[in-house]
Every structure is written in C-alpha cells, then in structure tokens.
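Shown next, in structure tokens, is the structure this report addresses.
Residue numbers begin at 1 in each chain, while the letters A, B, ... track the order of the sequences. Given the structure is predicted, the values throughout are model-derived calculations rather than measurements.
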Amino acid sequence: MANVTTGRPYTGQDKPTHVKGIKEGNAPGNYAKMKGHNPDGTSTAARSTGVHTAGEEPIDPSMPNLSPA
Amino acid sequence: MAVTRERIKPEAGKLVDMSWDPITRIVGNLGIYTKIDFDNREVVTCKSTSSMFRGYSVFMKGKDPRDAHFITSRICGICGDNHAVCSCYAQQMAYGVKPPPLGEWIVNLGEAAEYIFDHIIFQDNLVFVDFCEQMVRATNPSVMDKAEKTEAPGANIHGYRTIGDIMRSYNPFTGATYKEALHMSRIGREMICLMEGRHVHPSTIYPGGVGTVATPTLFTDYLSRLLRCFDFIKSAVAMNDDVFNFFYEALPGYEEIGRRRILLGCWGAWNNPDFVDYDYRHMDHWGNEMFVTPGVVVDGELVTTNLVDINLGIRILLGSSYYEDWVDEETFVSQDPLGNPVDKRHPWNQTTIPKPQKRDLEGGNYSWVMSPRWFDKRTGDHLALDTGGGALARLWVTALAGKVDTPFVKSTGSSVQINLPQTPNTPEQTLEWKVPQWSNAIERDRARIYFVAYSAAMAMHFLDRAMTELRSGHTKVFEDFEVPDEAIGCGFHEAVRGVLSHHMVIRDGKIANYHPYPPTPWNGSSTDSYGTPGPYEDAVSGQPIFEENPQESFRGIDIMRAVRSFDPCLPCGVHMYLGKGRTLRQVHSPMFGEHG
C-alpha cells in the first residue's frame, strides 16, 4: 500500500455482505421457485397476482401470456 | 511516436505560458498547460494534468463482487450506467452466466438511450458554445461576418437560411437549438429510466440480467419517445455538417486544430444475445458480433477486431503520474483462460499505489492520470490510442470492419449507412458517415451527431428484436448464478466518450483486484515512460492559432475546441453547499490543482 500519511479512517474495512446460510437472490433455482415462471422462459398471470390467477390468463391460448408489471 | 506536424523552433524569450485549470464545461479537474509562440501563432508544448485522485481500484478490494456494478456506477455522474453495464459484463464472465435475450435487449436499449442523451447534451449544450454566434464574434469576428453572408446548404432540412442563423441558434440559454437539445436530452433520460430504472445510476441492471419487467407498454413508451428524437436528429445532422464544413472553408488550415496521428481504439458496444456467451475463450467470436465493432485503427488501417488481442495489448504505464510502480507487487493473472501470457502492466495485474507529490511540469510528474497504452505487437510500440471523443473511433472501426449489418445500420467497409424512419415532421432519411481524412477536432465533433443517429437507428432494431421475444411470450429477463470462489472476468464496452473496460479478479468469493479503465485516462493521459505524450497533449502541441484576439485578450478558443472535441470527463470531486454562501471543502494538496 502507499506510503501516505492519512488521518484516522471514518469506517472499518468493508466485509462481504453475504452471511453463509442466508438466501441469495441470485442463487440457482430461485427463478424457478417463484410462482408464475415457466421453465421455457414464458410466464403466467401468477407472476403478477396471487388473486384469481386462473381467470387472468389470455382469452385465446394462442396469445402470448403477458401479465402486467 | 511519430509527430504529425513539423515543429517550428521558437526563438528564446518569445514563448508565453498559458494555462487553463480547470477547463470548464467538462466534468472534473482537467488542467491544460501550454506554451504559446504568438509570433508564429502556434502552440509549442502542452501538458494535460488531472489534480484529482479517485482510488476505486484501492477500495474495491475485499468487497462482494456482486456489488461491483453498483459501486463503480458512481465513478461518473453522467455515464454511470455505462460503468454498471461494463461491470455486469465482467461479472457475467466471472460467474459464467448469460442473461436471457430479452434482458440483453433491454440493456442495449438503455445504453442506446444513454448515447443519444449524453452526446446531444454534450454537443449542443457544451461543444457548440465554442461555435455559437457570441463566441465566434468574440474570437473571430471576420468569420462571423462571413457566416452571416453564407447560405446554409441544408436549409431545406433544418430551416436556417445562413450559417450565422445556425450559430445564433447555438447561443447558450437563448438559442433555439440549445433549448431544444435540453428537451431532447430529457427525453433520452426518460428512455434510460424506462429500461434501467434510474439515471445515472441504474437500479435494475444486474449481473445475469435485469430487473425491468418486460411488458408491451414498456417498449411502446420507449418507442414513442424515440420517434420524437428522430425529427431533432435529422435536422441536427444537417446543421452540424453545414457549420463544420463552413469552418473548413472560412478558415483554411482549420483541419490542423486538434489533429493527431490516427490512433483510435474502440472496445465495442451492445452485445448480440444470439452470439454472446460471456466466455473469454470465445470472446473473439462474440465480440465481432457486437452492434458496434471493437477494434484498433492505426494510421487509417484496422489492426484488429479481436477482443482477446485488444485485452492482452492493454498496458498501464506510470508515465508522469503520482503513483509508485507495482513491479514488486503480486501478479494476479499470469495467463488468460486461453493460455496467453498476461503482462505485469495489464489491469488484471495492476496494484494502485498513490504517491502524492508536488506538480512538476518541467520533466517531472504532474498528473493523477496514468498512461494507458496499447501494445502493438507488430511494431513493439506502446500506442497512445485516443477514442476520438467516442463517436469517431466507434464509427471508424465499425465502418472499416464491415461487420455490422442490420435493417437500420449497415457498415460498408468504408462508411456507415444509417436509415432513419419517417417521423411526424420529417420523411425517411438515409445518412452516410464516411471515413474522414483526419482525426481532428472537427471530425470528432461531427462524428458525435452521426453516432446519435446511429444509436437511434440501432434502438429501432433492438426494439424490433425485443418485441419479437415478447410476442412469443418470453418474459424471462434474469438468469440465476453462483459466485465462484476463484474467477477472473473482463468487460468491454463503450462509455459515451470512448473505450471502457473493467477487469476483475475474485478470490475467496471477494474482489481481490478490480480496475476500471474509462476513456479519459486514455485521452487525458500524461506523457508516458517512453516520452510519448498523451492524446490531448499530442493534439494541441504544434497546432496553429486561428483566434484573431491579440495576446492581451487571448481566449484560447482553438485550444479549447481541440480539447473539448475529445469529450473530456474527469469525474469531479465533491463540494458541499451549506447555504448562505458558505461552502465546505476538504482540500488536500495537490488534489485541487496549483490554484486550489
């Protein structure tokens, strides 16, 4: 490290934020576990709402299933 | 390195020191120190300095690699999203994850909007202050008189009868183009926010994909804003061509302003999800499928388009900067994943050791900017590549490479054709950017507006592809991944003003080494260990002076045009305003310059 005289640091050395055992958002399998996500990359109304999901699908099965944000 | 102009040896005692520190209308602490020979009307020497130390490579060590894009986004207050995206590219290589195609198209759309927004605000609100009526009248009154009498060839497109009328529209705060450009840059920002959640520091860009929820409304909202930009872009290109061609005519020899040897680097932009897998071993292949081709142009010749060659050729020289050498420090990466040796001066192996000291412009150290160079293995030279303000290198490499072929943008091998669709106020238009004769201030500035058109046209292609994904019902925008204990990664991208690379080494699941290299360290670098000046220094040294003002009221407009053509951006230090005129500043010499 540099040979520079500096004052007392305001903070300590950063540590990685992750603690072992805590669930990570990026962990493999997370995407599939979430409701409404199909394995082929498509999705259903269940990704947008938990209420009456069966009634919220497209009226024509040939339409893409594009649930709202 | 070969110098492009014959230098006139000045007579002793006739040199005048002129310095601009800090240079205004840019981000950051850039100082330009020159010696001018007023008798011969020539800049004799130039030194480019930065008086600010950032230390990202120092404090990134030990952090969770998944935080890298959030932290490095803060490097810049205008192109932070370029850093975030580049960091995600590096992380994706390290984690071995490829985002779903729709995620990639969303990133590309966000970055296209960034190029549109940033180039417009810099060109029309900052660069053109140097070309506006008020400035030209103050520095070259005879040129302004001529402009008032010169008909504008593109009047049928932009509606301004004379060149003088165009220049008047560039006047800051009052000119019509100045005000309209502000509005356009706001629309560009809105487009970025749609795709990346927030501007400047995106909130929905992650390694593995994006958090943006893809819906038809998202893309139609983007499209409606993009279409509003096209009318402005079509007339802006015509106005730019008229003004820049007029300067060549009105001031014979003006091509010498900011001219340097053609040494351009472009690291490529917008990955193509049909090809990219973020595997270093295939980087040559997927790099060549990018929608802006990566490459290096030396003396007008395209030397390589291979990202592996580009990566291995990067050398960080200490030059005249305030750092200690790292030869005795650890070598993190001795071989790349293809088995090629990695140099000790490569960013993967760099250790930043700051050594603050007094500025010495006479043969000593004078800048916090190191000297990034590209090693040309054909000649053994360490080339001081510049980015041409970003747009010039991108268009030049893409034009020569002849690889980009989309319905809206096509590279011909010597030019780039850009098809702009019909929009409410203007018909369909095809633009062609041709490889210019010079790498100089005017061509850097001209390329910028052509690249805005390029980005807008390319955004139409990205929208088409994204909507195709969506219509097939594919809504997945994120891929899971695990952070490995040991890995390396590199990301190559184009910040708005040029080349951008992030190099990362992960050990024990933490960052062991991280080095972002944005464009301005390349452009604003100090004279290196081999005595090669940095691009600003090279471009300004030896350039003639066209300003009509005498020495007493000299504004240095030609020097400013040369430096600003590179789109300088040395991200600024923090000043805090506490109200009632009291400003709290932490000053640690020499960070704020000689006069700080």
Side-chain angles (χ1 to χ4, degrees), chain A, chain B residues 53 55 58-67 70-71 91 95 97 100-103 206-209 211-219 322-324 326 329 351-357 467-483 506 508-511 586 588:
Chain A
M1 201 38 219
N3 184 23
V4 182
T5 310
T6 56
R8 188 190 296 271
Y10 297 143
T11 56
Q13 171 84 37
D14 273 29
K15 293 185 175 63
T17 47
H18 179 62
V19 178
K20 266 195 172 173
I22 304 282
K23 201 172 126 180
E24 295 171 283
N26 57 276
N30 257 4
Y31 183 86
K33 266 189 264 174
M34 281 188 269
K35 283 187 178 171
H37 289 172
N38 296 332
D40 63 353
T42 61
S43 56
T44 67
R47 92 173 166 151
S48 299
T49 178
V51 182
H52 279 307
T53 51
E56 304 295 340
E57 305 300 355
I59 51 173
D60 181 346
S62 67
M63 290 166 69
N65 196 331
L66 302 174
S67 60
Chain B
F53 174 66
V58 175
F59 63 71
M60 288 299 289
K61 287 187 179 186
K63 293 197 187 315
D64 190 321
R66 286 167 297 186
D67 290 340
F70 279 122
I71 299 170
Q91 290 182 64
Y95 309 153
V97 61
L102 192 55
Y206 319 122
T212 312
V213 182
T215 63
T217 319
L218 175 80
F219 297 115
Y322 308 133
Y323 298 92
E324 279 176 28
W326 58 84
E329 301 290 326
T351 301
T352 305
I353 312 171
K355 189 181 177 189
Q357 54 199 275
M467 290 294 272
T468 305
E469 281 290 317
L470 205 59
R471 287 191 195 105
S472 62
H474 292 129
T475 52
K476 187 175 184 183
V477 289
F478 182 80
E479 192 64 64
D480 306 330
F481 61 88
E482 260 183 312
V483 180
I506 300 175
D508 300 329
K510 295 182 258 183
I511 292 174
Q586 275 195 328
H588 181 191

Fill in: Spacing of CG belonging to A:Asn26 relative to OH belonging to B:Tyr206, to within rounding of 0.5 Å
11.5 Å

Worksheet item: Do you know which of A:Gly41, A:Ala69, A:Ser67 has the most heavy-atom pairs with chain B at a distance under 4.5 angstrom?
Response: A:Gly41

Worksheet item: Does a side-chain heavy-atom distance below 4.5 Å link B:Thr215 with A:Leu66?
Response: no

Fill in: Contacting moiety of B:Leu470, where chain A heavy atoms sit under 4.5 Å
both

Worksheet, complete the sentence: Minimal heavy-atom distance between A:Pro64 and B:Ser472, with the atoms involved, is CB-C, 4.5 Å

Discussion item. Atom CD of residue position B:Glu482 - does it have more than 12 heavy atoms of other residues, nucleotides or ligands inside 6.0 Å?
Written reply: no

Response to the item:
Closest non-hydrogen atoms of B:Phe481 and A:Pro28, given as atom of the first, atom of the second and distance, are O-CD, 3.6 Å

Worksheet entry | Spacing of B:Asp480 atom CG and A:Lys33 atom NZ [to the nearest 0.5 Å] | 9.0 Å

Practice prompt. Can you tell which part of B:Pro216 gets under 4.5 Å to a heavy atom of chain A, answering side chain, backbone, both or neither?
Written response: side chain

Discussion item. With a 4.5 angstrom heavy-atom cut-off, is it the side chain or the backbone of A:Asn38 that approaches chain B, or both, or neither?
Written reply: neither

Fill in: Considering all heavy atoms, the nearest B:Phe478-A:Tyr31 contact
O-CD1, 4.0 Å

